[in-house]
Each structure stands twice: as structure tokens, then as C-alpha cells.
Number of protein chains: 4
Amino acid sequence: MAVAPEARRPIGQGGRSPGSLRPERWNEIVDAAGDVFDEKGYAAARIEDIAARVGLLKGSLYYYIDSKEDLLFAIVDGNHSRGIVVVEEGAALESADPPTRLGAFVERWIGILGANPGYAAIAERDLRRLSPERQAIVMDKRARIHRFVRDIVEDGIADGSFDAGIDPGIVTNNVFDVLNGISQWFHPARPLTYEQLAEHVRCFVLRGLGADPETIGPALP
Amino acid sequence: MAVAPEARRPIGQGGRSPGSLRPERWNEIVDAAGDVFDEKGYAAARIEDIAARVGLLKGSLYYYIDSKEDLLFAIVDGNHSRGIVVVEEGAALESADPPTRLGAFVERWIGILGANPGYAAIAERDLRRLSPERQAIVMDKRARIHRFVRDIVEDGIADGSFDAGIDPGIVTNNVFDVLNGISQWFHPARPLTYEQLAEHVRCFVLRGLGADPETIGPALP
Amino acid sequence: MAVAPEARRPIGQGGRSPGSLRPERWNEIVDAAGDVFDEKGYAAARIEDIAARVGLLKGSLYYYIDSKEDLLFAIVDGNHSRGIVVVEEGAALESADPPTRLGAFVERWIGILGANPGYAAIAERDLRRLSPERQAIVMDKRARIHRFVRDIVEDGIADGSFDAGIDPGIVTNNVFDVLNGISQWFHPARPLTYEQLAEHVRCFVLRGLGADPETIGPALP
Amino acid sequence: MAVAPEARRPIGQGGRSPGSLRPERWNEIVDAAGDVFDEKGYAAARIEDIAARVGLLKGSLYYYIDSKEDLLFAIVDGNHSRGIVVVEEGAALESADPPTRLGAFVERWIGILGANPGYAAIAERDLRRLSPERQAIVMDKRARIHRFVRDIVEDGIADGSFDAGIDPGIVTNNVFDVLNGISQWFHPARPLTYEQLAEHVRCFVLRGLGADPETIGPALP
DNA sequence: AATGAATGAGCATTCATTCAT
DNA sequence: GATGAATGAATGCTCATTCAT
């Protein structure tokens, strides 16, 4: 899940930010870093590999970055920024019932997974390698995303559309575990599109919350 | 999820395996490695840290291991060996209906999580840092564990106890994502025991599969 | 016996081979390695010493090499490549009689010893520390060099210019033992040039083979 | 060329000298060390390998030695002690002519090579790894051995049995290079005994010195 | 005599980072 | 913008050596 171009400039970084000069180059680099981090993990990834993937020598990469961590931050923060976008786009559905809103969220989330597959895992895995300040930036976004789902869950419990016995905290975590896990095993090469996958996952999640089968909608086609 | 003591000797490793001489020492070391790998990730973990945690100098650790990878393998393989145990212990329930069997599996799994918390993530994260041979050993166990759940799911679809519209492959992955995600956010320090957590997760999963609420059992207390 | 500059680029090595970019630097490094290996032996030689001798820090040396063994190979293989050159330069003498050819070979060999003294011993001593593939490359060259001398010996026995009772295998080994031993005790600081030494050794060897004193030429001046 | 038992106790070492307790054990250990040093070179040889070859653990070897260097010294000094014996045994031939004396020396030397093959190379190769004191002890023996041959050569030149044009220093080195080189290529598995080899080498050397073919004796059978 | 365990200094190698050109 | 060269700190691993038992 690469960062959407408009969210991709180094944020909270100050300095010359060379990315502003050639945004497309910066995006290439971040994508390359995403691939390499995904394959080897942040610590084992080599700057040289990332540079080679965009046709540079390792020394040259430092024209674009100040440190390896910049790339991790760009990816992890970008991932979360996209998550924020997913969450905020829900405005149109604000008046809908909780199952509909949660289902729509799941579909939007997986839809974006499809656009930039592969980097969700990095966010989970290597978040702690960031500096405390940057971790805080990311954790704040994460909390807002989390809160969005949890609010829906609590609303649903309150209005009876979800089972009263569920624990909002646990269930919210379960939902994100399901969503974040996807990119580790799903490959669109399968005879299944992201849209179809989203349907399955939406059902799994809503059922898991005890939603009325009627509300969830018809069985998958 | 550290390895249960009786399953912990280096398996499939050949060589002098000094761990067999002093199993407690070997267990201490593997536990220490698990902690450090969990905190920093495999690549960033330093042998020196692991050694210090058991009161040794880094060089001394090599009396017990041949390489850092040995420790990763001990943890990852041990984790999976415990998973195999969880899967195989289901013999008594073989004649039960699929929801009961799956629910019991979830409870056993989380029960073991409680015994040795923390290392499940390592297995998911750093599996690829193992040698191909060792990866194969682990992947084989993983496939068997996976197959156990998938078989239950398919049985349940066939006999109508799970929704006919679900995809066994997707759903099995969803289940493991939920189970493996737990150790990343659940801390027993919370006002919730592993048993109570297991109840919640059991319900979430079974409902997600479309099981009859009657079968799932009473709402959580 | 260091490698002649023109033969010195890493041969049969694949990879980026930065030495090709700055041959003089590569030669400096190989010479430094030759000195250090000669003084301490391959195993006891420290990369740090070699680096320091060319004004680098040990880490920097890895810009030029992939491993310490690369340096050993460059020296040992270079030595043998020079030997091949010595052997092949004999074309002009092909029609001469065996004693003349062998005498000329001895003179050429020692002449080259004089150009790059000191590393012949390394080739003999630490050949076995090379990887099997590289050993094979070197052993092949060695066999060709050996064969060149043996052929002359056999020709000489056949045409009566060498004693009929000698064993070509033994005598060829004796000749190379004499030639290879030189660099361990001869220092041109002595009141003797390499040319004079070569004359003595040529006589010793030809006499050893039972050549007609007339053929060998006049006593040394 | 292992050390003859009676010459094998650690010499010039002072201390408890445990070898005196079980001479045969000490010999076993020195032989094992000789094998390992010969295979890998002194620096690359591991105490553990030597210990394993005599059925001990590496720590246990220190009951017999004070340091790895003790073993090198035992071998190198032992080798030279044998050389001294070879040289001194010549008493009976003292009145013989130089070619006879030198020929007899070659035969004795190779005869002893046959008794303990393989370690001559170590002496040449790793002499410099000894402490200065021990190097001095060995170099003194070496000088005496060298001097023995050189004296014969000079006598031979003086009385006309060797060519007047040869340089005693060079030729003596040639002779030892031939003798010391043997163990690197000769294996008694060949269809040739040490006695036969000695004959060939004797002829090569004496001819090399310009001795009268009549003096050298009949061609090899 | 022998061992198991530990030590600690040393070494090859890696790699993020810098910088003059 | 990009590069080649160099840096230096870090880190996995080795191994001679010690010593209580």
C-alpha cells in the first residue's frame, strides 16, 4: 500500500525536502523502498538495493533523503495517511446505520489495498524503528483510524445492530488484524478480485460482530 | 509464544546440540532470544543483547549455538510445534460438530498463547530469514495447522453448520490473522484473562463463519 | 612474485570488479596483500594491515574486494599467470635442443622472480585456502607449467641429451622445488644479481639432469 | 616427519612438562598437531581439531601444553633435532670423499622422511610464528645442519670432486630446497619406495654439483 | 586426567553515511 | 543530480585460554 502521491512528500521533516523538486522521482524511490522493506524487513534492507532499484548508486540516494529512516517514515506515515483518507471519506455515510458504515469502511480499505499492495505489513512490523517523534505522528493517525471503527462498533452495540456481548476494544482489534493480515496472503493473481475479497471480508467481519444477517446483505454471488 | 519445555530441544538440527545437555540453559537462551527478537526484530537484534540477558558474554553464547539463525529457528519452529500440538490434541473432539471443534481449537490456541506470550509475531515476521531448508520444515508444520482449520471449515460448510457462501481459503486466513494478531495488542495486565479473551474471539470467529447463534452458545457473561 | 601489471586485473572473478576502474589502486592493494601474506601467512594476515599499507581503513578495502580470499586468489593466480607467460614465451626456442630450452626457461623464470620478488612462497603455501573452484583454476595453470618442463625433460631423455636413468616426474619436481625455493633465501642485496643466480641455477639443474657439460656451456665467469 | 620419541619432550621449556609423565600420550598429541598443522597451516589449525584427533576435548589438551605454540615448537624443533641426528650420524663416513659423504647424507635424510612424512613443510612455513627464543633454538640447529652440507660442498670444491665454478651458498640452498620439497609431492603410494627416490635425488644433487659421474655410481637400476 | 562452561580479545565483513568532484 | 571513494562504527563469529569440578 504505497502512499498516494499527494500525501507523499516528507511530512514533519523540515529541511530542503528535495522531493518537492521532482515528486515523481521521490515516489519512485519510496516505492522501491517499500518493495525492499517488504521483502527483507527494514533492518535487513540495504540502501544499496533501494538505490539500485531506481537506477542510482547508494551515495546518490542521499540527495533525496537524510537517512534510511526517512524512507521508513514515508512509507509508514503514508500508509496511515491513506488510512485517514479512508476514514474521512466516510462522511457521506455518516447517517447510515453502523453495519452499513462498517461494511463500507471495509470495502474502501481493501479497495485501497488493491491500489498499492504489499506495504501494510511494514507499518505493523517496523513502526518501532522510527524515532519517537515520528512514531508519535504515526500512532496519532493510527489512533484516529482505530477510533473511527471503534465508534461505529459502539454505536452498533448501543442501537442493537451489533451483539451486546461483544467487547468493542477486542472486536476493533480483531477487525484490524483481519484487514492488515490480508496483504500477507492475498495475491490478486488468484481467481478473485479485490472487490470479491472485500465482500467476503465484509461479511466475515459483520457476522463476527453479530450483525443481523438481513443487514449484512445477500450471500455472495 | 515460547516453546513448551518438552518440545524445545533443537529439532532437526543435527550437530552437537549442547542444549541437550542442559535443557534449562537452552530454554533460558531461547526465551531471551525470543524477547529480544520480539522487541527489535530479528535483523536488528544483537547477539550481545541476548547473551547479556542470560548473563553471558556474546562469545559464550556460541557454546550453545552455531549461528544467530539457530535461535530464530528454535523460536519459530518451536512455535509451530506447539501449534501442531494444539491441532493434534483435538482427537477427543473429532466426533463433535465443526463449530464445537473450531471453538475448542480457538480456546486451546489462545490458552497456549497465555502460557508463553509474545513470540507469535516473530514467526510471522522473520520466517523468511531462515535458510530454505529450515523454512521448509516450518512451512510444512504451518500447512498442517492450516489444513486442520480448513478441514473443519469445509466440514462445516458441507453439513450446513457454516454459511454456504464463505470461501474456506479466505476464512481460514481470516481466522489465523485474528489469532496471530492477538499477541500484538493483548496484554493480560488488562482486566481480562486469556480465558475471557478466548471466549470473545471464539464468538467472533464462529459468527464470522455464519454459525448458528444457538451453536455458538450463550452470550458472554 | 607479484603479478605483472598487465596481467593483474582480477581474472575469472565475475562481479563488479572495481579494480578495473582504477588498476593502479588495485595493484597497490594486491602488492600490499602480497607483502603481508608473505610476512605472516594468509591465515594470520589481517585485513587491517593490508588496508593500512595502502592508506585505507579496513572497511574501505571492501570497496575493492569481496573477501580476503579475493586477495589470495589475485596473488596466487597472478603468480601462475606469469608462470604461464614464461612457459609460452618459449616459442622462439621451440626448435632448440632440450638443454637449451630448459636453460632458457630457468633464466626466464628467475628473471621474473627478480621483477616481483617474494610471493612465490605464498602460492605454494596457502593454495589450499582458496575455494575449490579457484584452486581448480590455479591447479590447471600449474599443471600446464609443469607439463612444459616435463615435456622438455622427456624430449631430452629421448634424444639422449639427458641421462636415460632419470625419472621425468621426480626430476621435474626437483626443478620446481629449486626454482620455488629461491625466493625464500635469495635477496638481491647479496653481492649477486638475479642474472648471475640464474646462471648458477641453470647449471645446477642441467647438470642434475645429466646434460653434457659441453651443452651446458662454460663455467660461470 | 614426526619427532623421534627420545627427542620429543618439550625442550627448553621449563615448568612441569607433563609429557614426562606419559611420553606416548605426548607423542600422540604432537603427531596429531603435526597432521593438523600440515593440513591447515599453523594459524588456521584449531586446538579443538588436534584435541579431537587424540580423543580429548580442547580444554583437556591444556593439561599437556601451555599454549598452541608449544606444539609448533615440538614439531619444528623435533624436525630439526632429527636433522641434527642425520648430520651427526655421518661420523663413520668422515673420512670418505665429499660426494660419498653428501650422497650418504641425502639417503639418510630421505630415509628419515620416510619414517615420519609430512611435517617438513611446517618447519619451513611456520617457523616465524615461534617466539624469538624458540626461533633462535631452531635456527641454531638449522645452521648446524646447513653448515654440515656446506662444509662437504666446500671440501668437494677444494679437492676437485665438485665443479669449481659452483657457489657453495647457492648450491647448499638448492640441495635443501630439493630435500624439503620432497614431502610436498612424494607419496610412497607411488610405485616407488623411499629408497628408490633417495637414489634418484642423490644422483640429481651430485650431478648438479658437477661430481664425476664415476663417483656418483652406476645409473639407477 | 579430563570436562564442561565460560571468557575476552580479535577479526572479517557489512553498511549507513559523507563528501569532493 | 549523480558518482566514486572512503569512513567508522557496529556486529556476527572464532578460538586460544582458563578453571572449578
Side-chain angles (χ1 to χ4, degrees), chain A residues 18 21-22 25 29 42-51 54-72, chain B residues 16 18 21-22 25-26 29 40 42-51 54-71, chain C residues 16 18-19 21-22 25-26 29 42-51 54-71, chain D residues 18 21-22 25 29 42-51 54-72:
Chain A
L21 298 175
R22 289 206 183 184
R25 197 76 164 128
I29 291 167
Y42 174 68
R46 297 170 344 136
I47 283 286
E48 196 164 3
D49 294 335
I50 297 168
V54 291
L56 290 177
L57 293 180
K58 64 178 170 180
S60 312
L61 208 56
Y62 283 83
Y63 182 77
Y64 297 94
I65 63 174
D66 286 328
S67 77
K68 188 181 172 186
E69 201 216 276
D70 289 354
L71 292 169
L72 179 60
Chain B
R16 63 167 198 284
L21 299 175
R22 291 207 180 184
R25 198 72 165 131
W26 175 246
I29 291 168
K40 310 228 234 183
Y42 175 68
R46 297 170 347 134
I47 282 287
E48 197 164 2
D49 294 335
I50 297 168
V54 290
L56 289 176
L57 294 178
K58 65 177 172 179
S60 310
L61 206 58
Y62 284 84
Y63 184 74
Y64 297 93
I65 63 175
D66 285 327
S67 76
K68 190 181 169 185
E69 201 216 273
D70 288 356
L71 291 170
Chain C
R16 63 169 198 282
L21 300 175
R22 293 206 177 186
R25 199 73 165 127
W26 175 246
I29 291 168
Y42 175 68
R46 295 169 349 135
I47 282 287
E48 197 164 2
D49 294 335
I50 298 168
V54 289
L56 290 176
L57 293 179
K58 64 177 171 180
S60 310
L61 206 58
Y62 284 84
Y63 183 74
Y64 298 93
I65 63 173
D66 286 326
S67 75
K68 189 181 169 184
E69 202 218 273
D70 288 356
L71 292 169
Chain D
L21 297 175
R22 287 206 186 186
R25 195 76 165 132
I29 291 169
Y42 175 67
R46 299 174 337 139
I47 282 286
E48 196 164 3
D49 295 335
I50 298 168
V54 290
L56 289 177
L57 293 179
K58 65 177 168 181
S60 312
L61 208 57
Y62 283 82
Y63 182 77
Y64 297 94
I65 63 175
D66 286 328
S67 76
K68 189 181 171 185
E69 201 216 274
D70 288 356
L71 292 169
L72 179 60

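These figures come from a predicted structure and were not determined experimentally. Order of the sequence lines sets the chain letters (A, B, ...), proteins ahead of strands, with each chain counted from 1.
Applying the 4.0 Å criterion to OP1 and OP2 of E:dT7, one finds that B:Tyr63 has every side-chain N and O outside that range. Of the side-chain N and O atoms in B:Arg25, one or more sit less than 4.0 angstrom from OP1 or OP2 of E:dA6. In terms of phosphate contacts, B:Arg46 brings no side-chain nitrogen or oxygen within less than 4.0 Å of OP1 or OP2 of F:dA9.
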Handout entry: Secondary structure string for DNA chain F (Watson-Crick or G-U under 3.5 angstrom, | for other-strand pairs)
Key = .||||||||||||||||||||
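Using a 4.5 Å cut-off on side-chain heavy atoms (C-beta onward), D:Tyr64 and D:Leu56 make contact.
Across all strands, B:Ala43 comes closer than 4.0 Å to no nucleic acid atom at all (heavy-atom distances). Contacts of B:Ala45 with the nucleic acid, taken as non-hydrogen atoms under 4.0 Å apart, involve only primed sugar atoms and P, OP1 or OP2.
If you take CG on C:Asp70 and CD1 on C:Ile29, they are separated by 11.0 Å, rounding to the nearest 0.5 Å. With values rounded to the nearest 0.5 angstrom, A:Ser67 atom OG is found 8.0 Å from A:Ile47 atom CD1. If you take CD1 on A:Ile65 and CG on A:Leu71, they are separated by 4.5 Å, rounding to the nearest 0.5 Å.
Closest non-hydrogen pair, D:Ala43 versus C:Ala43, comes out as CB-CB, 3.5 Å. In terms of heavy-atom proximity, B:Lys58 sits nearest to B:Glu48 at CB-CA, 3.9 Å.
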Practice task
Might you work through the side-chain contact (heavy atoms from CB on, under 4.5 Å) test for C:Lys68 and C:Ile50, ending with a clear yes or no?
Solution key: CA-CA 10 Å; C:Lys68 189 181 169 184; C:Ile50 298 168; 5.6 Å; no
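Residue A:Lys68 places its side chain closer to E:dT17 than to any other of F:dG1, E:dT17, F:dT17.
A residue-by-residue look at B:Ala44 and A:Gly55 shows that A:Gly55 has its nearest nucleotide of DNA chain F further toward the 5' end.
D:Ile50 has its CD1 atom 12 Å from the P atom of F:dC15, to the nearest Å. Taking atom CD of residue D:Glu48 and atom P of nucleotide E:dG4, one finds them 11 Å apart after rounding to whole Å. Distance CG (C:Asp49) to P (E:dG10): 13 Å, rounded to an integer number of Å. Look at OH on B:Tyr64: it is 19 Å from P on F:dG12, rounded to the nearest Å. If you take CD1 of D:Ile65 and C1' of F:dT17, they are 9 Å apart, rounded to a whole angstrom. Rounding to whole angstrom units, CG of residue D:Leu71 and P of F:dT17 are separated by 10 Å. Straight-line distance from the CG atom of C:Leu57 to the P atom of E:dC11: 16 Å, rounded to whole Å. Going from atom CD1 of A:Ile47 over to atom P of F:dA5 covers 20 Å, rounded to whole Å.
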Could you go through nucleotides 18-21 of chain E and list every protein N or O atom that sits under 3.5 Å from one of its N or O atoms, giving the distance for each pair?
none

